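Report on the following structure.
Just so we're clear, the structure is a prediction, and the values are computed from it rather than from any experiment. Letters A, B, ... are given to chains in the order of the sequence lines, protein chains preceding strands, and every chain is numbered from 1.
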Amino acid sequence: MFNRDRWIEIFETISKNKLRTFLSGFTVALGIFIFVILFGLGNGLKNTFQEFFLDDAGNAIFLNSGKTSKPYKGFKANRRIEFENDDLNDIKENFSFFLEYLSPRIDRNATSSYKKESNNYNTRAISPGHQFIEKTILMKGRYINQSDIKGKRKSAVIGRLVAKDLFKTENPIGKYIELGSTTFKVVGVFQDEGGDREERNIYIPFTTRQLIEKGNDKLNSIVMTYRKELGHTGAVAFEKVLKKYFKEKKSIDPSDTEGIYIQNPTDDIKQSQDFAVVLQYIVSLVGLGTLIAGIIGISNIMVFVVKERTKELGIRKALGASPRSVIQMILQESIFITTISGYVGLFLGILVLENIGLNLEEYFIKNPYIDLGTSLSATIILIIFGAIAGYIPAKRASSIKPIVALRDE
Amino acid sequence: MIQIKNLYKSYKMGTSSLHVLKGIDLNIEEGELVAIMGSSGSGKSTLLNILGMLDVADKGDYILDSVPIKNLNETKAAKYRNKFLGFVFQSFNLINYKTALENVSLPLYYQGIKRKERQESALDYLDRVGLKNWATHLPSELSGGQKQRVAIARAMASKPKVLLADEPTGALDTTTSYEVMDLIQKINQEGKTILVVTHEPDIAQMCKRIVKLKDGVIIEDKKVNQVLASSYV
């Protein structure tokens with residue numbers, strides 16, 4: 001392949017036919033350039049999307065109860081299903097394989113007051129695991145702990161906005177607030193990325209709530225997180241066995257769609273991921289389209305180039321060029337030009353992508369990029385098709401008799 | 001040098017075929033300067049193309065420098081052309097983006113000669129046709145006569161056995177034609193075998209032998225007293 005003389009001959013031809021060189025080079029460079037830009041922007045769109053929908057979603061599962069809609073095992077329809085403390089233990093015992101954190105929830109609205117300030121807040125009775133399920137961030141003091149649960153202590157962890165409303169600039173830790181008709185001691189202040197509504201919550205031990213409500217063992221709902229390494233498939237399986245278990249335990253008709261509700265955000269995540277995949281397909285399709293347009297462009301140019309050179313090729317053959325050397329010359333020339341200009345286009349595209357990348361976030365395009373593998377393969381595909389597009393007319397030109405090629409028009 | 005026996009050639013024109021050469025016998029010795037004459041359609045260009053291996057005969061023998069020329073594929077024909085033959089065309093057929101020097105050295109490139117030797121040799125041939133000072137000029141910067149002299153230098157550069165000239169003066173005025181013929185005569189005097197296809201009698205008179213073709217057969221083949229072109233220049 002390497003023959004110094006042939007390369008010199010090719011360089012001479014290239015440098016003396018600037019328009020032709022420019023046309024074929026430009027086509028390839030433009031094709032790759034547009035491919036890199038579009039593909040990169042598409043990837044940027046995907047990034048934004050993923051950040052938007054996927055990053056905030058956790059691995060939490062919410063178990064809620066409602067009324068049954070079908071009669072079963074002697075129970076009438078329209079029966080209210082309730083969770084109790086032993087449901088918590090059953091989940092711990094039977095589903096430890098799936099389980100990460102677990103907490104009950106009992107939500108009550110109560111007027112809360114400190115000194116002269118008072119307001120209506122949601123008090124949520126929970127267990128310590130709730131901190132991780134809700135991703136609560138502690139600012140001061142501590143969270144509800146196991147001794148609070150066991151001792152049914154009157155401890156409260158208040159939201160940042162609750163502290164601001166009731167205590168103003170005072171440090172709330174160790175102070176006593178009235179929740180309804182019961183006095184609680186503030187042990188911590190928290191913030192939450194979920195927004196203002198979350199920061200107007202007050203957390204208390206669920207056992208304390210049950211004690212206040214005449215020692216019952218009712219729970220509103222149960223929240224838990226599954227182990228992340230299980231993935232979507234594991235989460236769906238968990239949801240399924242959990243539902244089956246509770247339908248059996250609470251004597252609900254297996255075909256009843258009501259009574260027990262499980263809210264599994266992994267379904268949303270899955271949907272988002274599916275959408276991301278579709279987005280990826282669209283991006284790939286755009287890339288493919290650009291590439292095909294580029295291939296057609298370079299093919300046209302090559303056909304034109306060979307046509308234009310028919311007479312020259314005839315002269316070369318009359319002077320002793322073999323058909324093989326004619327084809328070789330055309331191919332080597334076209335591959336050389338497309339390779340160089342392909343990489344120029346690639347380089348420029350990546351350069352532009354890097355530079356505009358930071359300015360496009362408001363248009364929902366974040367960190368646009370193209371991986372080197374994709375862009376290199378695109379370049380190589382264009383080079384190969386350029387060579388094929390050159391080979392066919394070159395083959396034909398090389399087999400034309402010189403006398404035909406030299407015939408005066 | 002060249003032996004042709006019973007050469008036939010016809011072209012298919014739709015259903016019928018057009019017989020262009022109908023049995024040509026011709027012997028050309030080394031060092032001859034032969035004019036092939038005839039009106040258009042007489043088959044003279046076809047004969048030259050077959051001699052130049054640019055075209056293939058239907059029937060007959062062609063022996064060039066004791067090598068039988070037959071069953072040629074394109075690659076072999078290219079090799080023979082490069083080794084045995086030099087071409088001069090009516091329309092010069094120089095490659096327009098190459099300088100005079102590069103045009104002359106092109107056949108040497110296809111002989112696989114090294115670049116430096118190529119250029120030295122090409123410059124030498126340009127000098128012989130009196131165009132050494134025009135070596136770096138493109139064909140577009142040369143006059144018709146100069147172009148034809150570059151073409152002759154190119155044809156000579158590969159040291160061919162036979163020089164084939166197809167209407168070499170067809171596109172030139174009289175004075176320039178005589179200059180080109182003067183050059184051809186000088187090359188012939190150095191011992192090169194040359195065939196010139198022409199329809200101009202005065203050009204034919206500058207050769208040593210005239211072969212007249214009509215309707216695909218030789219009607220006349222005579223030696224002539226060569227008129228030296230230099231006497232007109």
Side-chain angles (χ1 to χ4, degrees), chain A residues 1-24 304-330 332-333 337 394-409, chain B residues 45-46 48-50 52-56 72-99 101-119 138-139 151 154-155 157-158 160 164 166-167 170-171:
Chain A
M1 190 68 189
F2 194 81
N3 178 323
R4 192 164 161 268
D5 249 16
R6 198 186 297 144
W7 279 113
I8 291 173
E9 178 74 18
I10 284 168
F11 285 137
E12 277 175 2
T13 313
I14 288 173
S15 61
K16 283 176 181 170
N17 293 280
K18 291 203 176 64
L19 180 68
R20 193 167 80 201
T21 308
F22 173 77
L23 276 180
S24 39
F304 164 73
V305 162
V306 172
K307 181 87 186 150
E308 187 212 41
R309 293 181 76 174
T310 306
K311 187 160 186 176
E312 180 202 329
L313 300 179
I315 297 172
R316 283 176 184 272
K317 286 189 78 181
L319 296 179
S322 64
R324 201 170 147 239
S325 78
V326 168
I327 295 175
Q328 211 164 34
M329 180 180 74
I330 291 177
Q332 212 164 326
E333 209 183 294
I337 293 173
K395 173 88 182 141
R396 229 190 73 229
S398 79
S399 60
I400 295 177
K401 290 204 167 91
I403 190 65
V404 176
L406 290 175
R407 195 166 286 154
D408 290 310
E409 323 282 310
Chain B
S45 286
T46 306
L48 196 76
N49 289 337
I50 291 171
M53 294 175 234
L54 299 172
D55 209 342
V56 195
L72 289 183
N73 60 32
E74 274 293 326
T75 310
K76 214 168 172 186
K79 201 177 135 201
Y80 282 173
R81 276 199 292 270
N82 190 257
K83 198 171 153 194
F84 290 126
L85 302 169
F87 290 94
V88 178
F89 302 95
Q90 181 178 358
S91 53
F92 323 128
N93 281 334
L94 298 176
I95 293 177
N96 55 19
Y97 63 84
K98 284 180 176 288
T99 64
L101 184 72
E102 287 164 349
N103 264 292
V104 175
S105 58
L106 198 59
L108 301 174
Y109 168 75
Y110 287 114
Q111 283 183 345
I113 291 170
K114 285 204 181 92
R115 186 175 177 75
K116 211 177 164 192
E117 281 176 53
R118 236 162 45 209
Q119 284 184 333
L138 291 174
R154 183 177 66 182
S158 57
L164 300 173
D166 189 3
E167 304 269 10

Counting only heavy atoms closer than 4.5 Å, note whether [X] contacts chain A via side chain, backbone, both or neither.
| X | answer |
| --- | --- |
| B:Leu94 | backbone |
| B:Glu102 | side chain |
| B:Ile113 | backbone |
| B:Phe89 | side chain |

Tell me the closest heavy-atom pair linking [X] and [Y], and the distance in Å.
| X | Y | result |
| --- | --- | --- |
| B:Ala78 | A:Ser322 | CB-CA, 3.8 Å |
| A:Lys311 | B:Ser91 | NZ-OG, 4.3 Å |
| B:Leu106 | A:Leu319 | CD2-CD1, 3.8 Å |

Requested in this report: Report yes if the side chains of A:Lys16 and B:Ile95 come closer than 4.5 Å at any heavy-atom pair, otherwise no.
Outcome: no
Query raised in the report: Do the non-hydrogen side-chain atoms of B:Thr75 and A:Arg324 ever get within less than 4.5 Å of each other?
Result: no
Requested in this report: Any chance you could measure B:Asn96, atom CG, to A:Ile315, atom CD1, to the nearest 0.5 Å?
Outcome: 8.0 Å
Requested in this report: Please round to the nearest 0.5 Å and tell me the distance separating atom CE of B:Met53 and atom NZ of A:Lys317.
Outcome: 14.0 Å
Requested in this report: Going by the side-chain hydrogen bond (donor to acceptor under 3.5 Å, both in side chains) test, name the single residue among A:Glu312, A:Lys18, A:Glu12 that passes it with B:Tyr97.
Outcome: A:Glu312
**Report entry** side-chain hydrogen bond (donor to acceptor under 3.5 Å, both in side chains) partners of B:Tyr110, counting only residues at least two apart
**Finding:** A:Arg316
Query raised in the report: Under a 4.0 Å N-O cut-off, is there an ion pair linking A:Glu9 with B:Arg115?
Result: no
